[in-house]
Chemist: 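I have a structure I would like to understand better, so I am pasting it below and will then ask my questions one at a time.
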Amino acid sequence: MVAIPGADYIVSVLPSTDETKGLLQKEHFKAMKESAVFVNIGRGDLINDEVLIEALDAGELSHAILDVFDPEPLGKGHPFWRMENVTVTPHLSSKSGEYLPRTFAIFEKNMREYLRAGKDFTNVIDLSRGY
């Protein structure tokens, strides 16, 4: 929390794990500069929506850019849709012109490794860590 008070942008790219669910609490938003922008492109369960809404309404930060929600998709009547200080994006932060070429390259490498009964896979999921 040491860096939060001085940050202009707080960007979360965290996965959803037992350690990160609900990680950001009221005290984190209270510590932010009033001009700070919070960006969440990791997982939606990092924060409780009500905590973020209260912080934005109280002016504890200036804006939130949200690409992920808990649950997804974000409901039609959710307050984030109406808030002037919230930008909602359609869970596309990982998309780029290189997304598909990189994805296919990883798939092809892993398929070759699998077919030769190898174990040197790229982007292996560690189920014990949750990602």
Side-chain angles (χ1 to χ4, degrees):
M1 184 137 102
V2 175
I4 289 176
D8 293 317
Y9 289 85
I10 295 91
V11 180
S12 173
V13 296
L14 293 171
S16 177
T17 66
D18 290 340
E19 292 81 19
T20 62
K21 289 179 183 175
L23 179 70
L24 290 185
Q25 299 288 319
K26 289 181 182 186
E27 62 267 18
H28 297 101
F29 292 104
K30 287 183 186 298
M32 291 180 189
K33 296 194 294 190
E34 291 179 1
S35 60
V37 175
F38 172 66
V39 180
N40 192 3
I41 57 175
R43 290 295 177 249
D45 60 8
L46 175 76
I47 54 170
N48 176 292
D49 290 353
E50 290 77 28
V51 169
L52 181 56
I53 290 168
E54 286 177 21
L56 287 161
D57 285 345
E60 293 169 358
L61 67 157
S62 70
H63 201 87
I65 300 170
L66 307 172
D67 192 52
V68 291
F69 307 94
D70 184 34
E72 287 191 355
L74 186 63
K76 287 182 181 181
H78 197 285
F80 287 152
W81 291 116
R82 297 182 301 277
M83 296 177 73
E84 293 289 325
N85 54 352
V86 173
T87 300
V88 172
T89 60
H91 202 139
L92 53 63
S93 64
S94 66
K95 305 291 188 263
S96 75
E98 294 300 311
Y99 183 82
L100 287 176
R102 288 177 181 155
T103 301
F104 289 134
I106 292 168
F107 175 80
E108 289 169 5
K109 184 229 179 255
N110 285 344
M111 179 59 80
R112 282 191 300 277
E113 190 70 15
Y114 174 79
L115 291 174
R116 68 173 195 85
K119 296 188 190 304
D120 186 28
F121 297 105
T122 299
N123 288 359
V124 176
I125 297 171
D126 182 342
L127 295 176
S128 69
R129 295 181 78 183
Y131 57 95

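What you see below is based on every heavy atom in this structure, not just the backbone, and it leaves out hydrogens, waters and symmetry mates.
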Chemist: Going hydrophobic residue to hydrophobic residue with side-chain gaps under 4.5 angstrom, can you get from M111 over to V124?
Modeler: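 Cluster IDs for M111 and V124 match.
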
Chemist: Any link between L56 and V39 through a network of hydrophobic side chains (Ile, Leu, Val, Met, Phe, Trp, Tyr) touching at under 4.5 Å?
Modeler: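 Hydrophobic grouping puts L56 apart from V39.
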
Chemist: Look at the side chain of R82 and the backbone N and O of G77, then say whether any donor-acceptor pair between them is shorter than 3.5 Å.
Modeler: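 Between the backbone of G77 and the side chain of R82 there is a qualifying donor-acceptor contact (under 3.5 Å).
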
Chemist: Kindly say whether T20 contributes a backbone atom to a donor-acceptor pair with the side chain of T17 at under 3.5 angstrom?
Modeler: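 The answer is yes, because a donor-acceptor pair under 3.5 Å joins these two groups.
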
Chemist: Would you tell me whether S96 and E98 have side-chain atoms, one donor and one acceptor, within less than 3.5 Å of each other?
Modeler: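 On atom types as modelled, these side chains do not qualify, holding no pair under 3.5 Å.
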
Chemist: Do the non-hydrogen side-chain atoms of R43 and D70 ever get within less than 4.5 Å of each other?
Modeler: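 No. Closest side-chain heavy atoms not under 4.5 Å.
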
Chemist: Can you confirm whether L92 is buried at CG, in the sense that more than 12 heavy atoms of other residues, nucleotides or ligands lie under 6.0 Å from that atom?
Modeler: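 Atom CG in L92 is crowded, with more than 12 foreign heavy atoms closer than 6.0 Å.
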
Chemist: How many angstroms lie between atom CG of L61 and atom NE2 of H63, to the nearest 0.5 angstrom?
Modeler: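 If we round to the nearest 0.5 Å, L61:CG and H63:NE2 are 9.5 Å apart.
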
Chemist: Hey, are the side chains of F69 and D49 touching, using non-hydrogen atoms and a 4.5 Å cut-off?
Modeler: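 In short, these two side chains do not touch, never coming nearer than 4.5 Å.
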
Chemist: Any side-chain heavy atom of S62 within less than 4.5 Å of one from N85?
Modeler: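 They are not in contact (no side-chain heavy atoms under 4.5 Å apart), so the answer is no.
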
Chemist: Just how far is it from atom CG of L46 to atom CG of L14, taken to the nearest 0.5 Å?
Modeler: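 Between L46 CG and L14 CG, I get 5.5 Å after rounding to 0.5 Å.
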
Chemist: Do V37 and I65 touch side chain to side chain, with heavy atoms closer than 4.5 Å?
Modeler: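 Side chain of V37 against side chain of I65, heavy atoms only: contact under 4.5 Å found.
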
Chemist: Within a strict 4.5 Å, meaning less than it, do heavy atoms of the M32 and I10 side chains meet?
Modeler: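 In contact.
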
Chemist: Rounded at 0.5 Å granularity, tell me how far CZ in R102 sits from OG1 in T122.
Modeler: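 These two atoms lie 13.5 Å from each other.
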
Chemist: Are the side chains of F38 and L66 in contact, using a 4.5 Å heavy-atom criterion?
Modeler: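 Side chain of L66 against side chain of F38, heavy atoms only: contact under 4.5 Å found.
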
Chemist: May I ask you to test the V68-I41 pair for a side-chain heavy-atom distance under 4.5 Å?
Modeler: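 Side-chain contact under 4.5 Å: no.
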
Chemist: Crowded around F107 CZ? As in, over 12 foreign heavy atoms under 6.0 Å?
Modeler: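 Atom CZ in F107 is not crowded, with 12 or fewer foreign heavy atoms closer than 6.0 Å.
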
Chemist: What heavy-atom pair brings A7 and A36 nearest, and what distance separates the two atoms?
Modeler: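 Nearest heavy atoms, A7 then A36: O-CB, 3.8 Å.
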
Chemist: Hydrophobic clusters here meaning ILVMFWY residues chained together by side-chain heavy-atom distances under 4.5 Å, can you tell me if L115 and F121 are in one?
Modeler: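 Cluster IDs for L115 and F121 match.
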
Chemist: How about K26: does its NZ atom have over 12 heavy atoms from other parts shown lying under 6.0 Å from it?
Modeler: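 Atom NZ in K26 is not packed in, count stays at 12 or less.
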
Chemist: Taking all non-hydrogen atoms of both residues into account, name the closest pair between S16 and D45 and its distance.
Modeler: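 Residues S16 and D45, closest heavy atoms: OG-OD2, 2.5 Å.
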
Chemist: Tell me if the NZ atom of K30 is crowded by more than 12 foreign heavy atoms within 6.0 Å.
Modeler: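 Atom NZ in K30 is not packed in, count stays at 12 or less.
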
Chemist: Heavy-atom count around K95 NZ within 6.0 Å, excluding the residue itself: above 12?
Modeler: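 Above 12, so yes.
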
Chemist: Under the rule for side-chain hydrogen bond (donor to acceptor under 3.5 Å, both in side chains), what residues qualify as partners of D126, not counting sequence neighbours?
Modeler: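 So D126 forms a side-chain hydrogen bond (donor to acceptor under 3.5 Å, both in side chains) with S128.
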
Chemist: Specify the closest pair of heavy atoms between I53 and H78, including all atoms of both residues, with the distance to one decimal.
Modeler: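 Heavy atoms of I53 and H78 come nearest at CD1-CE1, 4.1 Å.
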
Chemist: Minimum heavy-atom separation for A64 and L52, please, with both atom names.
Modeler: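 Minimum heavy-atom separation between A64 and L52: CB-CD2, 4.3 Å.
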
Chemist: Tell me whether W81 contacts the main-chain N or O of V88 through its side chain, where contact means a donor paired with an acceptor under 3.5 Å.
Modeler: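 No.
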
Chemist: Check for a donor-acceptor pair, side chain of D67 on one end and backbone N or O of H91 on the other, with a separation under 3.5 Å.
Modeler: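 Present.
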
